[in-house]
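Note sheet for the following structure.
One is the number of the first residue; the rest follow in order along the sequence.
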Amino acid sequence: MSSKHWKLDFGSFNDENNSFDITKPSTPKPWTNYLGNRSLKAFISQNAGGMLWRNDSLTQRITRYHHTIVPPGDRPGFYVYIKNKRTGSLWNPHFAPACTPLDSFSCQHSPGITSFTAKHENAKVSVEYTIPPEYDALLMRVTLTNEGQNPLELIAAS
């Protein structure tokens, strides 16, 4: 096995990209990444579950989190919902909490950035989360791409 790429059942360490690449949303336990700057911090899992806090995670939580493996564990979080107006399908590019089966899924945890890419019903959605060093804000960049021949009518909400 190459020293550049260590594979597990649900993903792999990738030295070339300085990341852990998750290919299955159901890991044995939440696989989290820490984001932050000097005062604002967050962690986010492979299903976008997570928590945001300022300075002290015990006394200055901005959001709550339940780290349990019994459903509805790994909740709440930083979710993006996609609804197909034509089919009525509701899904998340990070799989949870809707847990709609996806055509493809990937989560990439890198230092300071977590990104998701998923496909469902010819829609490809990418979401990137980060906290910039100079601003106390959790940023989400959402990109929607139609990979089919027919127009899509999608609603995206967070």
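Considering only heavy atoms from C-beta on, Arg86 comes within 4.5 Å of Pro151 through its side chain. At least one side-chain heavy atom of Cys107 sits less than 4.5 Å from a side-chain heavy atom of Thr114. Residues Ser110 and Gln108 are in side-chain contact: their nearest non-hydrogen atoms beyond the backbone lie under 4.5 Å apart. Using a 4.5 Å cut-off on side-chain heavy atoms (C-beta onward), Pro93 and Ile82 make contact. Using a 4.5 Å heavy-atom cutoff, the side chains of Phe95 and Ser26 are not in contact. With contacts defined as side-chain heavy-atom distances shorter than 4.5 Å, the pair Leu144/Leu152 does not qualify.
Screening residues 137-158 for ring-ring contact (aromatic ring centres under 6.0 Å, His included) gives no qualifying pairs among residues at least two apart or on separate chains.
Here the closest non-hydrogen pair linking Asn17 and Asn14 is N-OD1, 3.1 Å. For the pair Ala137 and Pro132, the tightest heavy-atom approach, listed with the atom from each and the gap, is O-CD, 3.2 Å. Listed here is the closest heavy atom pair of Arg75 and Pro97: NE-CB, 3.6 Å.
Criterion: ILVMFWY side-chain heavy atoms under 4.5 Å apart, direct or through other members. Under it, Ile113 and Met140 are not part of a common hydrophobic cluster.
The distance from atom CG of Leu52 to atom OG of Ser57, rounded to the nearest 0.5 Å, is 11.5 Å. Atom CG of residue Leu40 and atom CD1 of residue Ile131 lie 4.0 Å apart, to the nearest 0.5 angstrom. Atom-to-atom distance recorded for Lys41:NZ and Asp56:CG is 10.0 Å, nearest 0.5 angstrom. Separation of atoms NZ (Lys124) and CG (Asn146) is listed at 12.0 Å; rounding is to 0.5 Å.
Using modelled atom types, one side-chain atom of Asp103 and one backbone atom of Glu121 make a donor-acceptor pair closer than 3.5 Å. The closest donor-acceptor contact from the side chain of Ser158 to the backbone of Tyr79 lies under 3.5 Å. A donor-acceptor pair under 3.5 Å is formed between the side chain of Tyr129 and the backbone N or O of Phe78. Distance alone, capped at 3.5 Å, is enough to place a donor-acceptor pair between the Thr130 side chain and the Gly112 backbone. Between the side chain of Asn84 and the backbone N or O of Leu154 there is no donor-acceptor pair closer than 3.5 Å. A donor-acceptor distance shorter than 3.5 angstrom exists from the side chain of Gln46 to the backbone of Pro25, with no hydrogens or angles considered.
Considering Asn92, Thr117, Ile22, Thr23 as possible partners of Phe105, the one that fulfils the side-chain contact (heavy atoms from CB on, under 4.5 Å) test is Ile22. With respect to His94, the ring pair (Phe, Tyr, Trp, His ring centres under 6.0 Å) criterion is satisfied by exactly one of Trp31, Tyr81, Phe116: Phe116.
Among residues two or more places apart in sequence or in another chain, the salt bridge (charged side-chain N to carboxylate O under 4.0 Å, His left out) test is passed with Asp136 by Arg54. Qualifying salt bridge (charged side-chain N to carboxylate O under 4.0 Å, His left out) partners for Lys119, counting only residues two or more places apart in sequence or in other chains: Glu147.
Using bins of under 30°, 30° to 60° and over 60° for the plane-to-plane angle, the ring pair Phe43/Tyr34 lands in the tilted bin.
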*Would you check, one step at a time, whether the test side chain to side chain contact (heavy atoms under 4.5 Å, CB included) holds for Asn150 with Asn122?*
CA-CA 9 Å; Asn150 298 319; Asn122 291 321; over 6 Å; no

_Please evaluate residues Asn37 and Glu134 with respect to the criterion side chain to side chain contact (heavy atoms under 4.5 Å, CB included), reporting the C-alpha separation (whole Å), side-chain torsions for both, the decisive distance (0.1 Å), and the verdict._
CA-CA 8 Å; Asn37 59 29; Glu134 64 277 6; over 6 Å; no

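A donor-acceptor pair shorter than 3.5 Å can be found between the side chains of Asp21 and Ser19. For the residue pair His120/Ser89, the side-chain donor-acceptor check at 3.5 Å is satisfied.
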